[in-house]
> 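The structure is given below, and queries will be raised subsequently.
The chain is numbered in sequence order, starting from 1. In each ligand, atom 1 is the first atom listed, and ligand 1 is the first ligand listed.
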Amino acid sequence: MKSGVKRLLGRAGFDIVRSTNHLGGVDDFIPFEATVRAARAAGLSVGDYIDEVMNGTPGATQSTIDELSALGVFAANPNTVLEIGPGSGRYLEKTLKECAPDRYEIYETAEPWANYLTDTFGVVAQPTAGSSLAPTPDGSIDLVQAHKVFNTVTFLCASRYFFEMARVTRPGGRIVFDVMTETCLEPAAVGAWATQGGAGHDSYPAAMPRRTCVDLFAALGCSLEASFLAPMGVASTEVLVFRKGT
Ligand SMILES: C[S@@+](CC[C@H](N)C(=O)[O-])C[C@H]1O[C@@H](n2cnc3c(N)ncnc32)[C@H](O)[C@@H]1O
């Protein structure tokens with residue numbers, strides 16, 4: 001990979017293709033064929049290729065999964081899992097090593113990646129539009145997750161998904177996602193973003209106040225169980241783990 005491109009990947013975390021909606025978003029995600037080809041040539045799974053080569057953070061996805069495992073998120077062997085924005089499936093692949101759900105639904109706007117995930121992992125791709133999980137019934141999912149999604153979309157897109165996530169989770173189920181909260185935004189981190197991160201991508205990185213998330217999910221009957229930091233781009237996001245009340 002030539003240095004200019006690599007520098008961009010390092011800064012943004014992904015080779016982000018400009019959105020066609022002219023809003024400067026990152027909803028097109030990384031190119032499907034080139035990424036799969038490059039991962040194959042490197043002898044790595046697509047997820048490990050993204051961690052190691054594209055992002056320069058080997059083991060980052062596994063370390064989040066390990067934290068979630070230590071918190072007992074997979075201990076109850078969730079039978080239904082729903083993931084928003086799985087992209088290449090790097091978290092999906094590792095989640096399926098931790099548990100064996102009968103049904104794994106995905107909501108993914110990048111069609112080539114959604115097709116790849118259904119073919120490779122037998123997951124169910126649901127029609128994806130805006131921030132709706134309408135095809136999924138209330139209280140039907142044991143584990144709802146999204147990784148590195150809510151720092152790339154607008155406040156309203158993320159907030160609307162939050163209501164939906166609380167709706168589809170069954171009582172006692174878990175909701176896991178990461179957001180770039182104030183915990184991740186100490187002055188040095190803001191400086192790093194301002195000078196090295198996210199150039200040219202208007203909606204990335206998007207911040208989300210931690211208290212907004214905690215208070216909103218509390219109002220929706222879900223309490224914060226745990227949180228931890230995970231690397232993202234030049235700084236980090238905060239992973240929040242909620243449990244819906246029974
Ligand atoms: C930065 S990528 C993260 C992908 C993956 N979770 C990972 O960590 O490698 C954001 C993902 O969200 C998807 N996405 C963007 N807007 C979305 C929306 N409104 N609903 C569902 N997925 C969306 C993108 O296509 C992309 O796959």
Side-chain angles (χ1 to χ4, degrees), residues 8-9 11-21 23-32 35-36 39 44-65 68 81-96 104-118 120-121 123-136 144-165 168 176-180 197-198 201-206 208 230-233 236-237 239:
L8 177 64
L9 297 182
R11 266 193 276 138
F14 294 98
D15 176 13
I16 296 165
V17 179
R18 263 287 187 193
S19 163
T20 47
N21 62 12
L23 296 176
V26 293
D27 48 344
D28 289 344
F29 198 45
I30 54 179
F32 169 70
T35 308
V36 171
L44 294 168
S45 75
V46 173
D48 289 343
Y49 177 78
I50 291 174
D51 272 358
E52 286 184 42
V53 182
M54 296 179 83
N55 290 356
T57 52
T61 302
Q62 188 60 51
S63 108
T64 290
I65 294 290
L68 294 174
V81 178
L82 183 155
E83 183 170 351
I84 299 166
S88 68
R90 61 183 172 144
Y91 291 90
L92 185 157
E93 178 188 11
K94 294 189 188 312
T95 297
L96 287 176
Y104 197 123
E105 295 184 16
I106 61 165
Y107 284 81
E108 171 55 64
T109 47
E111 220 178 293
W113 284 108
N115 293 339
Y116 161 78
L117 295 178
T118 54
T120 310
F121 299 103
V123 298
V124 177
Q126 295 283 28
T128 306
S131 306
S132 169
L133 303 177
T136 304
V144 177
Q145 63 177 347
H147 299 277
K148 308 292 185 251
V149 175
F150 298 137
N151 55 272
T152 69
V153 298
T154 62
F155 170 77
L156 276 184
C157 177
S159 304
R160 287 174 179 146
Y161 262 137
F162 293 164
F163 284 96
E164 282 287 80
M165 292 165 89
V168 301
V176 173
F177 61 88
D178 64 328
V179 270
M180 191 174 71
H201 305 293
D202 296 347
S203 64
Y204 170 90
M208 171 66 75
M232 186 199 54
S236 62
T237 53
V239 182

> Below 3.5 Å, N or O to N or O, backbone or side chain included: is there any such pair between C157 and ligand 1?
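The answer is no, given that C157 and ligand 1 share no N or O pair closer than 3.5 Å.
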> Does ligand 1 have any atom that is closer than 4.0 Å to a heavy atom of Y107?
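Y107: in contact with ligand 1 (<4.0 Å).
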> Determine whether the side chain, the backbone, both or neither of T128 has a heavy atom under 4.0 Å from any heavy atom of ligand 1.
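For T128, only side-chain atoms sit under 4.0 Å from ligand 1.
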> Which ligand 1 atoms, with their elements, are less than 4.0 angstrom from a heavy-atom of Y161?
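Answer for ligand 1: 18 (C), 19 (N), 20 (N), 21 (C).
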> Please could you name the atoms of ligand 1 that T152 approaches to less than 4.0 Å, counting only its heavy atoms?
1 (C)
> How many angstroms lie between atom CZ of F150 and atom CZ of F162, to the nearest 0.5 angstrom?
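With rounding to 0.5 Å, CZ (F150) is 5.5 Å from CZ (F162).
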> Taking only non-hydrogen atoms of P86, do any sit less than 4.0 angstrom from ligand 1?
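Yes, that is the case, since the closest heavy atom of the residue is under 4.0 Å from the ligand.
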> Which one of E111, R90, M54 has a non-hydrogen atom at the shortest distance from atom 8 (O) of ligand 1?
R90
> Tell me, with the steps shown, if Y116 and V46 meet side-chain contact (heavy atoms from CB on, under 4.5 Å).
CA-CA 11 Å; Y116 161 78; V46 173; 3.4 Å; yes
> Atom CD in Q126, atom OG1 in T136: separation rounded to 0.5 Å?
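Nearest 0.5 Å value for the CD-OG1 distance: 4.5 Å.
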> For V149 and F177, run side-chain contact (heavy atoms from CB on, under 4.5 Å): C-alpha distance rounded to whole Å, both residues' side-chain angles, the deciding distance at 0.1 Å, then the answer.
CA-CA 8 Å; V149 175; F177 61 88; over 6 Å; no
> State, to 0.1 Å, how close G130 and Y161 come at their nearest heavy-atom pair, and which atoms those are.
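Minimum heavy-atom separation between G130 and Y161: O-OH, 3.4 Å.
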> So is A129 close enough to ligand 1, meaning a heavy atom under 4.0 angstrom away?
no
> Considering the heavy atoms of H147, write down every atom of ligand 1 situated less than 4.0 Å from one of them.
3 (C), 5 (C), 6 (N), 8 (O)
> Going by distance alone, is a donor N or O of one side chain under 3.5 Å from an acceptor N or O of the other, for Y49 and S88?
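No, no side-chain donor-acceptor contact under 3.5 Å.
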> Can you find a heavy atom in the side chain of H147 that is under 4.5 Å from one in the side chain of V176?
yes
> Would you check if the distance from the ring center of F121 to the ring center of Y104 is below 6.0 Å?
no
> Does the N or O separation between G130 and ligand 1 drop below 3.5 Å for any pair?
yes
> For A110, take its heavy atoms, then give the atoms of ligand 1 lying under 4.0 Å from any of them.
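Once the distances to A110 are compared, the set is 25 (O).
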> Counting only nitrogen or oxygen atoms and a 3.5 angstrom limit, does E83 reach ligand 1?
no
